Each structure stands twice: as structure tokens, then as C-alpha cells.
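Below is one structure, written out as C-alpha cells; the observations come after it.
Worth knowing before you read on, the calculation uses all heavy atoms, side chains too, and leaves out hydrogens, waters and symmetry mates. Just so it is clear, the structure is predicted and the values come from calculations on it, not from any experiment. Lettering follows sequence order; numbering is per chain, from 1.
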Amino acid sequence: MRRTFSGSRVATGLALGAWAGLFWFLLVSDRTSLYLSSRTAWLVPLGAVIASIATLGRLATARVLHPEPLGARETWLLGAMVLPVVVLLALPPATLGSFAVDRRSSASGIGSSARVVSGQIDLVDIAAARAVVDAESALRARAGERVTIEGFVTEEPGEADRFQLTRFVITCCVADATISYVTVVDAPPGGFETDEWVRVTGPIYPLGSDILVQAESIERIDAPDEPYLTP
Amino acid sequence: MALDVEPRVTQGSMPSQARRGPALLWVVALLAGTAALVRVADPSSLPWLRNLLIVFGSLLVEAMPFILLGATVSALIEVLVPSSAFARIALLPRGLQVPAAAVAGVAFPVCECGSVPVARRLAAKGLAPSAAVTFMLAAPIVNPVVVASTFVAYRGRDTLWVMVLGRLALGFLVAMTVGWVMGRIRSGELLRARMGETATSDRGPAEGRWRRFFSHLAGDAVFMTRFLIVGAALAATIQTFVPRSIVDSVASLPILSLVAMMALAFVMSLCSESDAFVAASFTAFGPASQLAFLVFGPMVDLKLTALYMGTYRRGFVRAVVIAAGTTTLVATLWIQVIWG
């Protein structure tokens, strides 16, 4: 008997192909870091390869002796499967911002497990200093040292000349994001808006759990290619 | 007996061209409309929408490769492992089947999304339902990758070994307890029937085997993905609209802290390979509460519940949730008494 294409199999193959396309898109457009940490970035090429193999295999075996037609219910289910792909492809590059800060815990646990304060100080070191005595001591010993830290602006209510410089720390994906921040003082009142990305340079002063950076310069910057920190 | 995942359209159920055509058009229109809406709405000016879509997308981008990996392993089991292999395991005394399945989880280093299709395939191939469920619940907790990530997350803390060994031990304990609770369930009472499932032979010629491999791979991946999408959407919605301060205030109540952490794990739907880092960030909570989070979450969460509902019969899912929840709660209560 002659084999003919099965509508159901072709449609399933195309739905898998949509997912393969999404993974390849993330890989080629360098958008993996908008969703995953550097630790789990390998999942995107893995997903791209397996989804591509599944797609090709499905389409290559779509010719059958008794083709199954594509029913209305199956069409809707496959459409629902492709819907997130369409959303993520259409979504402009975006990162979590101040809206998510109220919905996240501080990154103290992640920071403490990752490292002690050493080398160039960043917001992962700050998180470590808030959680671990050794890291706090190490940071305190470097009080007054000039640092350069990048992050986005979140408000410090009632204080016109200060704001919080915040960054999300992710371990696997954005769903596990936690926050790390420093308080920037001596900022121009009203000079910066919430969610604006800035680079702050100045001496750092750890005062217990309150860690201050006295701003010598504050420079507006574009959101970095890797907006989330990984411990 | 193996199950083919291909839908077989029976006489009388074949949709007409008239119904199929509009459905396809509506779906294409819906997809195009959604793409246009996302571009026009500009999520960057709507913080809640931006938050929702990013969390939703990140859960899918992280979990989907594990679904695909699990479906691949599942298809390989279906095609390469004869049912007789599982029949031999089934000959073991019932008391040994469950611990053996839990230990087998050590050799399967993927997170919970990948273990569901594999467990389904094992059950469909004839492994005792109690053993299949034990494997499914234990694998995401006791595998070496998760043990290592738990070690890294708690490195440098006094509670390091309580957390690493406690999680491992509780993972085995809760998974085996649920397995034993499910001991008398029969294969036919475990799995939800998929549309048009039919029996096929185990082994075929080389060409047929590849054809069946891709058939099962695609079938399992498509089947699991739709439930993953539902779970990820729910988790993203809750992460977007429920302020953490509310969750934290509930979790800080001494007696309810265990239940609250289990509820938090349920809602957050984290991957078992990353959840230790999040649990470690809840520094206000003792090791028992954090263990409750780390043991219950990989067994029962929003996205998993959606996956279970699609895979297993409703009564069975209810029993697993109750058994896993109760056992985790009782075990961690004892740990709370001992370690705080």
C-alpha cells in the first residue's frame, strides 16, 4: 500500500518545530540570559537540538499507511502548545524591574553559599555580606574602598537624595530570582527614575545590614546583556 | 503491554473537513492576534504584564528541555526495553520493589518534569504502579545533581549536612511511603487513558522501531507540554500578583511555618535543581521548614499537579498529594522538634 501524509503527524511535527524555532531564536539572538542564568544556559541548545530532532523525526515519519486527519480538538490543543512560543517570540527584550522587587526575597542565602567578599565588589558580594559573618567582616575591612556597581534604580521612600541600586540574582531561571541591593547616598534629588539602569562609583560603607555607596558619579547606562547576576 | 501514543480515529469520530477548516483558521488567527497584541501592548509599559510574561517564559524555557529529555528517555524505554524486563522486576517481593525503585532514582539526573513521562512509560510497560510512583517522586530529589546543588547552596552553614542528608533521607522516605500507600492500586487504575490509545507489540523491525520511537517522543512531549504550560501560567500569575510580604508573614508563624513553606514550594514551582538556593535564602526559617520546602516542592507543585492531572487518574493524584503532604509534614515536624 502507498503511504500518504498524516495531517495529525505533520501538525504535531510543526508544533514541535515551533519550540525548536524558539530555542534556536533564543540562541542566535543571544536572549538566553533574559530567562536563564549562565549556569543553566546550556538548556537552550539542548532544547534546540532535541526539539529539532523530534521535529525532523516526526515529519520524516509522517507518511503512513492509514493517515490520521487533524481533528478540531487536536488543532486547538496544538495551537495552545504553540501560543507561548508566539508570545515569547513577539515579546521585546525585557527584564524584571522594580515591580518584582516587592515580590522577591533578598538574595542572602544565595550570596552566602556562593563566595566570600574578594576581588572587585559586586552585588553578589553584598548579598554574601548580609548573610555570612566572614563575608561581612571581609567587606567591613574594605570600608571606604572605591567601587563601581551597576544596577537599576528602586525608590527609597522619603529620601530625596538617595535610592536603592538593585539587581536580581538568579540561580537557574528568572522564577527563582532574589534581590540584592545597596543604598546610594548623595544622589542628585529627583535625578533618576525608577527602573533606570545606572553605574554608580564611590566609596562603600557597610553599616551592619545597611550597606551604603556614597555616589561620586552616577552614569546612565543601557541594560546590560546579562541583566541578572549568577552566584 | 506497550501503549502506542498515536491517536487512532475510530469510525464515526472523524471530524469533517468543515469543522477542521474553521478550527485551523481560528487557531492561526489567534496566534497572529496574540503576536500583534504583545507587540502593541508593549509590556515594558505594563510592569505586571512584563513580570508575568518573563516569569512564565523563564519557567517554560527551563522546563521544556527536561520535558523533551524525559520524553526521549521514555521513548527509548518503550522501544528498546522489552516488557519482560519489567515483568522480572514485578516478580520481586512487593516490599522490595518500592525501595528498588527509589534507589533507581539516583541514576536519573533530571528534575521533576522529566521524571513524569518516564514514570508513566514505566507503568505502561508493566512496572508496578507503586514502584513507578516511588521512582517518579524520588528521582528529582535523590539524584546526584540535586544532592550537589543542595550541598553548594548550604556550603558554609552550620546546617549543611542536616540539609543535604536530611533532604536525601526524606526524599527516599516520603517517596517510598507514598509508594507503599499506593501499594494495592492496579495498573488500570493509575493512568488516564489517552485518546485512542491502542496496544502495540514490543519489538518490531528496525524501521518500525524508529517510527515508533519518534511517535512516542512526539506524543509524550506534546502531551506533557500542554500541562506544563498550564502550571507555568498559574505559577507566574501567583508570583506576579501575590506580594512576597504576604507569603512571608504567613510563613513566619511558628506552628504553620512548615505548611506555609510547603505551600510556598507548591506555588513557586521551582526546578529541583535550583530550589535549594531559594530555600537557603529563607534565612528566617529553621532547617525543618526549609526541608519541607525542598522535599514537598519537587513532588507536588502547581506545574506538576497539572502534569499529574493529565497523566494519572484524578483519585490517584489526590491520594499522592495527600500522602506526600502528610508524610513530609510529619517527618519535618520531628526534625523541627530535634533541630528547630
Taking the side chain as C-beta and beyond, is there a heavy-atom pair between A:Phe99 and B:Arg50 under 4.5 Å?
no
What part of A:Ala100 lies closer than 4.5 angstrom to a heavy atom of chain B: side chain, backbone, both or neither?
both
Count the heavy-atom pairs under 4.5 Å between each of A:Thr95, A:Leu89, A:Val82 and chain B, then report the option with the highest count.
A:Thr95
Stepwise side chain to side chain contact (heavy atoms under 4.5 Å, CB included) check, B:Trp210 with A:Thr61
CA-CA 9 Å; B:Trp210 279 112; A:Thr61 56; 5.9 Å; no
A:Leu16, part contacting chain B, at a heavy-atom distance under 4.5 Å
side chain
Interface moiety of A:Leu43 toward chain B, non-hydrogen atoms closer than 4.5 Å:
both
Test item: A:Thr75 and B:Trp26 side chains (from C-beta on) under 4.5 Å apart, heavy atoms
no
If I take atom OG from residue B:Ser58 and atom CG from residue A:Leu34, how far apart are they, to the nearest 0.5 angstrom?
10.5 Å
In terms of heavy-atom proximity below 4.5 Å to chain A, should B:Phe56 be classed as side chain, backbone, both, or neither?
side chain
Evaluate B:Val61 against A:Leu88 for side chain to side chain contact (heavy atoms under 4.5 Å, CB included), listing each step before the verdict.
CA-CA 10 Å; B:Val61 170; A:Leu88 295 182; 4.2 Å; yes
Given A:Val49, A:Leu83, A:Leu46, the one with more heavy-atom pairs under 4.5 angstrom with chain B than any other is A:Leu83
Who wins among B:Leu31, B:Ile54, B:Val28, B:Val38 for the most heavy-atom pairs under 4.5 Å with chain A?
B:Ile54
Selection from B:Leu228, B:Val230, B:Thr225 maximising heavy-atom pairs under 4.5 Å formed with chain A
B:Thr225
What part of A:Leu36 gets closer than 4.5 Å to chain B, counting heavy atoms only: side chain, backbone, both or neither?
side chain
How far apart are the closest heavy atoms of B:Glu62 and A:Cys173, and which atoms are they?
OE1-SG, 3.3 Å
Any non-hydrogen side-chain atom of B:Leu60 less than 4.5 Å from a side-chain atom of A:Tyr35?
no
Can you tell me which portion of B:Leu53 sits under 4.5 Å from chain A's heavy atoms? Options are side chain, backbone, both or neither.
both
Which pair of non-hydrogen atoms, one from A:Gly47 and one from B:Leu68, has the smallest distance, and what is that distance?
O-CD1, 3.8 Å
Short side-chain to backbone donor-acceptor contact, B:Arg39 and A:Leu91, under 3.5 Å:
no
Region of A:Ile53 in contact with chain B, defined by heavy-atom distances below 4.5 Å:
both
Among B:Thr72, B:Asn51, B:Leu59, B:Val55, the residue with the most heavy-atom pairs under 4.5 Å to chain A is B:Asn51
If I measure from the heavy atoms of chain B, does A:Arg63 come under 4.5 Å with its side chain, its backbone, both, or neither?
backbone
Once side-chain hydrogen bond (donor to acceptor under 3.5 Å, both in side chains) is applied, do any residues pair with A:Thr55, and if so which ones, sequence neighbours excluded?
none
Going by heavy atoms in the side chains, are A:Trp42 and B:Pro65 under 4.5 Å from each other?
no
Measure across B:Ser215 and A:Arg58 and return the closest heavy-atom pair with its distance rounded to 0.1 Å.
CA-NH1, 3.5 Å
Best-contacting candidate, A:Pro84, A:Gly7, A:Ala54, A:Ala80, against chain B by heavy atom pairs under 4.5 angstrom
A:Pro84
